[in-house]
Amino acid sequence: MQRTDFSRMACSIARTLDVIGEPWSPLVLRDIWVGLTRFEQLQADLGISRKVLTERLNHLVEHGVIERRPYDRRPRYEYVLTQKGTELVDLLMVMTGWGDKWLAGEAGPPVLYRHHACGEVSAVDLRCTHCGEPMHAPDVDPLPGPGSAV
């Protein structure tokens with residue numbers, strides 16, 4: 001089934017979804033981030049078909065989110081996050097926070113994050129880059145930007 005092309009929309013959310021909006025893509029990125037970098041590891045962890053995994057990996061490579069690196073003489077590859085991909089993991093951490101708050105249930109969050117700088121288990125906190133104050137939906141007014149279609 002052909003997906004809608006969001007890449008030309010004047011919307012950063014739509015453009016991001018064009019890269020990682022298919023449900024397997026964020027899970028592939030998560031697995032690569034935690035160290036599952038080889039095709040067989042990814043397939044085993046996700047329980048995904050070879051065809052779908054190949055399509056997702058190729059799509060993420062084409063968009064510069066991951067890169068393919070050979071790891072032996074045969075044409076076998078491992079996948080590593082690029083800078084673009086590493087920054088997408090930040091988005092996944094925000095999604096995780098929402099899922100932990102609203103969907104984790106009585107068992108609690110399935111994963112905790114220890115911050116390297118202080119060694120404490122913490123969560124992502126959105127802050128304004130100018131003043132450092134918390135920055136959430138009720139705290140901002142969306143304004144047309146230079147790339148706006150309006």
Side-chain angles (χ1 to χ4, degrees), residues 1-129 134-137 140 142 145-149:
M1 182 158 93
Q2 185 69 19
R3 285 186 40 213
T4 301
D5 180 4
F6 293 114
S7 67
R8 292 189 179 12
M9 288 185 180
C11 173
S12 294
I13 295 171
R15 292 174 183 163
T16 302
L17 287 172
D18 194 64
V19 176
I20 63 159
E22 188 279 332
W24 287 113
S25 294
L27 301 177
V28 169
L29 290 175
R30 174 207 63 196
D31 276 9
I32 293 171
W33 178 57
V34 300
L36 303 175
T37 61
R38 296 183 178 178
F39 188 95
E40 296 77 20
Q41 294 172 318
L42 294 164
Q43 185 182 24
D45 187 64
L46 296 170
I48 188 174
S49 76
R50 293 182 69 80
K51 179 181 185 275
V52 172
L53 180 56
T54 298
E55 289 171 357
R56 291 298 86 219
L57 291 169
N58 288 338
H59 179 79
L60 294 168
V61 168
E62 287 168 17
H63 282 82
V65 174
I66 60 174
E67 66 181 39
R68 189 180 283 121
R69 292 186 184 159
Y71 70 85
D72 70 13
R73 292 180 198 247
R74 295 179 284 172
R76 290 190 174 205
Y77 300 95
E78 63 181 358
Y79 297 88
V80 295
L81 295 171
T82 61
Q83 180 180 349
K84 196 175 184 180
T86 300
E87 290 181 17
L88 268 173
V89 172
D90 295 347
L91 172 65
L92 299 181
M93 289 172 47
V94 172
M95 290 173 63
T96 298
W98 184 89
D100 288 349
K101 179 177 181 176
W102 296 103
L103 304 172
E106 290 182 28
V111 176
L112 300 174
Y113 296 104
R114 181 180 306 118
H115 186 224
H116 290 175
C118 69
E120 295 296 323
V121 171
S122 190
V124 172
D125 183 25
L126 297 175
R127 301 240 164 215
C128 175
T129 59
M135 189 169 168
H136 300 285
V140 301
S148 174

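Note that the structure is predicted; figures quoted are calculated from it, not measured.
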Minimum heavy-atom separation for Pro26 to Pro23, with atom names?
-> CD-O, 3.4 Å

Carboxylate-amine/guanidinium proximity below 4.0 Å for Arg15 and Asp5 | no

Distance, nearest 0.5 Å, that separates CZ of Arg114 from OG of Ser122 = 12.0 Å

Report yes if the side chains of Thr37 and Leu42 come closer than 4.5 Å at any heavy-atom pair, otherwise no.
-> no

Say you draw a straight line from CG of Leu112 to OG1 of Thr96; how long is it, rounded to the nearest 0.5 Å?
-> 11.0 Å

Evaluate side chain to side chain contact (heavy atoms under 4.5 Å, CB included) for Val121 paired with Tyr113, printing each intermediate quantity in order.
-> CA-CA 5 Å; Val121 171; Tyr113 296 104; 5.9 Å; no

Output the distance between atom CG (Leu27) and atom CG (Leu46), rounded to the nearest 0.5 Å.
-> 6.0 Å

Using the side chain to side chain contact (heavy atoms under 4.5 Å, CB included) rule, take Asp90 and Val124 through it: C-alpha gap first, then chi angles, then the decisive distance, then the call.
-> CA-CA 8 Å; Asp90 295 347; Val124 172; over 6 Å; no

Tell me, please, which residues at least two apart from Gln41 pass side-chain hydrogen bond (donor to acceptor under 3.5 Å, both in side chains).
-> none

Between atom CE of Met95 and atom CZ of Arg30, what is the distance when rounded to the nearest 0.5 Å?
-> 11.0 Å

Write down the atom of His59, the atom of Asp18, and the distance for their closest heavy-atom approach.
-> NE2-O, 3.2 Å

Quick one: does Thr82's side chain have a donor or acceptor within less than 3.5 Å of a partner on Val65's backbone?
-> yes

Within 45 degrees of the axis of the six-membered ring of Tyr77 and under 6.0 Å from its centre: does Arg38 put its NZ or CZ there?
-> no

Stepwise side chain to side chain contact (heavy atoms under 4.5 Å, CB included) check, Trp24 with Leu53 = CA-CA 8 Å; Trp24 287 113; Leu53 180 56; over 6 Å; no

Going by heavy atoms in the side chains, are Trp98 and Leu103 under 4.5 Å from each other?
-> yes

One should read off an interatomic distance between Ser12 OG and Leu17 CG, to the nearest 0.5 angstrom, of 11.0 Å

Heavy-atom closest contact (Met9 atom, Ala14 atom, distance) | SD-CB, 3.6 Å

Closest non-hydrogen contact found for Arg127 with Pro134 is NH1-CD, 3.2 Å

Locate the shortest heavy-atom distance separating Ala10 from Gly147; write the atom from each residue and the value.
-> CB-O, 3.8 Å

Using the salt bridge (Lys or Arg N to Asp or Glu O under 4.0 Å) rule, collect all pairs that involve residues 46-69, keeping only residues at least two apart or in two chains.
-> Glu22-Arg56, Lys51-Glu55, Glu67-Arg69

Tested for side-chain contact (heavy atoms from CB on, under 4.5 Å) against Leu88, the lone hit among Ile66, Leu81, Thr16 is Thr16

Leu60 side chain near Ile20 side chain, heavy-atom distance below 4.5 Å = yes

On a heavy-atom basis, the closest approach of Phe39 and Leu57 is CD1-CD1, 3.6 Å

What is the distance from atom CE of Met93 to atom CG of Asp125, rounded to the nearest 0.5 Å?
-> 11.0 Å

